[in-house]
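Below is one structure, written out as structure tokens; the observations come after it.
Worth knowing before you read on, the calculation uses all heavy atoms, side chains too, and leaves out hydrogens, waters and symmetry mates. In the text below, chain A, chain B and the rest are named by the order of the sequence lines, each starting its count at 1.
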2 protein chains.
Amino acid sequence: MDVAQDAVLAKGFAATSIDEIVAAAEVTRSGFFYHFKDKNALARALLDRYVESEDALFDELFDRSRELHEDPLHAMLIGLKLLSEMMGDLPSAHPGCLVATTCYQDQLFDAQVRDVIRSSFHSWRQRFAGYFREIGEIYPPKTPVDYDELGDMVNCVVEGGLILSRAYDDPRILAQQILHLRSYVTMLFSPTRQ
Amino acid sequence: MDVAQDAVLAKGFAATSIDEIVAAAEVTRSGFFYHFKDKNALARALLDRYVESEDALFDELFDRSRELHEDPLHAMLIGLKLLSEMMGDLPSAHPGCLVATTCYQDQLFDAQVRDVIRSSFHSWRQRFAGYFREIGEIYPPKTPVDYDELGDMVNCVVEGGLILSRAYDDPRILAQQILHLRSYVTMLFSPTRQ
DNA sequence: AAAAAACTGTACCTTTGGTGCAGTTCTAGA
DNA sequence: TCTAGAACTGCACCAAAGGTACAGTTTTTT
């Protein structure tokens, strides 16, 4: 699975051959097809695993930031800072998001795979929308705001930033963009003297 | 080329067969290989054409918005509004960005193709960074800001929004995210009573 | 009318995804 | 320790796809 994920992130799904995966993983083609009915099944398994690990990462990161500060706005700002640092610190360009790469090749796959994509974006939206709602209850936003849209915005900036980082081969781009999102959140919710 | 672009946007590069393109375009395989050395050459040609047409679109849209308001900040806000409307108005979900889809499959292609990707993002960055610099000269931003990063931000939000719109099959997501970018720009540059 | 460009048809090669299946090795439980 | 079942391996085979080679035909340009 590790081998397959690296290859898929590097080259996309279609360009990753089963032969190459089994060679790198030191198993046989037969062994591969014993575990996975076809490439679709591999895609689903990889996606499931990936989404789970990203969820765990977000859990850890934002749980930690809530430990560091009990105020939801400041916890969020800390969380976004941590996220930015983590993304910018990766040795070379972040390999990219498996969900996004699959999204752009989704017609290769069945409806089930497309569903995994949609529902993972949805769960991330819900997660962040929840955080933002908590914030909004304490710090009324300057302009009325849709929390689902704000939740999507985190996904949006991360996915867009990943593409740019990949194109420029520079992980700092993603880190910068997350900081701009952070700055938007700051301005949106921070109380100003009227 | 039209046929090929639609297919590539829908399914990704690797999943689009030459047979299928030539069938839809009512030419022969031989005819295809007469014009394009290989699939790489097709990718390059498609990308070049796409970047050119996107540039023309941005030119038109932001030239128009400058006609509507001579102040650079307001012209930018109008431009982003127009962009948002255009992206949200597309009949079904926006088919996606050819540059981004190629970006996530770039190892399929040669260095030349990767260069087209990098330089098109770069030219868009420059374009928007220029607009933002003009704005910043008139409206000093609240916090010091890197104009290249702001330029990238437009790319970032559009690319990220395209992915989300595609995943949710709802072009409104992209439109909303562009409006959030617009709102960030507003807050960043609008003078506030101190 | 001649030359060059734009194709077509056919035959062929390789890689890749995928099927089928008989046989082997490993492993957990009675 | 025996044994059932899970986890593999090897091999033969198929179809689809990218790509090559090249001789011949049609269309366009000059």
Exercise. Taking side chain to side chain donor-acceptor pair (under 3.5 Å) as the test, write out the residues that go with A:R49, two or more places apart.
Key: A:D2, A:Q5
Which pairs would a plain distance check flag for residues 176-183 of chain B, meaning a side-chain donor or acceptor within less than 3.5 Å of a matching protein atom at least two apart in sequence or in another chain?
residue	atom	partner	partner atom	Å
B:Q177	NE2	A:E149	O	3.1
B:H180	ND1	A:Y184	OH	2.8
B:H180	NE2	A:E149	OE1	2.9
B:R182	NE	B:L77	O	2.8
B:S183	OG	A:Y184	OH	3.0

Quiz prompt | Counterpart residues, ring-ring contact (aromatic ring centres under 6.0 Å, His included), relative to B:H74 (two or more places apart) | solution = B:H69
Self-check item: Residues forming a side-chain contact (heavy atoms from CB on, under 4.5 Å) with B:E52, sequence neighbours excluded
Solution: none
Quiz prompt | Outermost nucleotides of DNA chain C that come under 4.0 Å of a non-hydrogen atom of chain A | solution = C:dT16 to C:dT19
Exercise. Please identify each residue that fulfils side chain to side chain donor-acceptor pair (under 3.5 Å) with B:R44, with sequence neighbours left out.
Key: B:D110
Quiz item: For A:I18 and D:dC14, what is the distance between atoms CD1 and P respectively, to the nearest whole Å?
Solution: 20 Å
Exercise. With sequence neighbours left out, write down each residue that passes side-chain contact (heavy atoms from CB on, under 4.5 Å) with B:S30, or none if nothing qualifies.
Key: B:T28
Quiz item: Whole-Å distance between D:dA16 P and B:D19 CG?
Solution: 10 Å
Measure all distances between protein nitrogen or oxygen atoms and nitrogen or oxygen atoms of nucleotides 4-8 of chain D, and list the pairs falling under 3.5 Å.
residue	atom	partner	partner atom	Å
D:dA7	OP2	A:Y34	OH	3.1
D:dC8	OP2	A:H35	NE2	2.6

Quiz item: Quick one: do B:E137 and B:R133 make a salt bridge, cutoff under 4.0 Å?
Solution: no
Quiz item: Should A:R66 and A:D63 count as an ion pair when the cut-off is N to O under 4.0 Å?
Solution: no
Quiz item: What residues form a side chain to side chain donor-acceptor pair (under 3.5 Å) with B:T102, not counting sequence neighbours?
Solution: none
Practice problem: Rounded off to whole Å, could you give me the CZ-to-P distance for the A:F33 and D:dG10 pair? | Solution: 16 Å
Practice problem: Can you check whether any acceptor in the base of D:dG10 is under 3.5 Å from a donor in the side chain of A:R29, or vice versa? | Solution: no
Please tabulate, for side-chain N and O atoms in residues 55-62 of chain A, each donor-acceptor pair with protein atoms closer than 3.5 Å (sequence neighbours left out).
residue	atom	partner	partner atom	Å
A:D55	OD1	A:W124	NE1	2.9
A:D59	OD1	A:R127	NH1	3.2
A:D59	OD1	A:R127	NH2	2.8

Quiz item: If we fit an axis to the first five pairs and another to the last five of the helix from C:dA1-D:dT30 to C:dA30-D:dT1, what angle do they make, to the nearest 10°?
Solution: 30°
Quiz item: What is the distance from CG of B:D38 to P of D:dT20, rounded to the nearest Å?
Solution: 7 Å
Quiz item: Rounding to a whole Å, what distance do you find between B:K37:NZ and D:dT20:P?
Solution: 6 Å
Quiz prompt | Pairs meeting criterion salt bridge (charged side-chain N to carboxylate O under 4.0 Å, His left out) with involvement of residues 7-25 of chain A, two or more places apart | solution = A:K11-A:E20, A:D19-A:R29
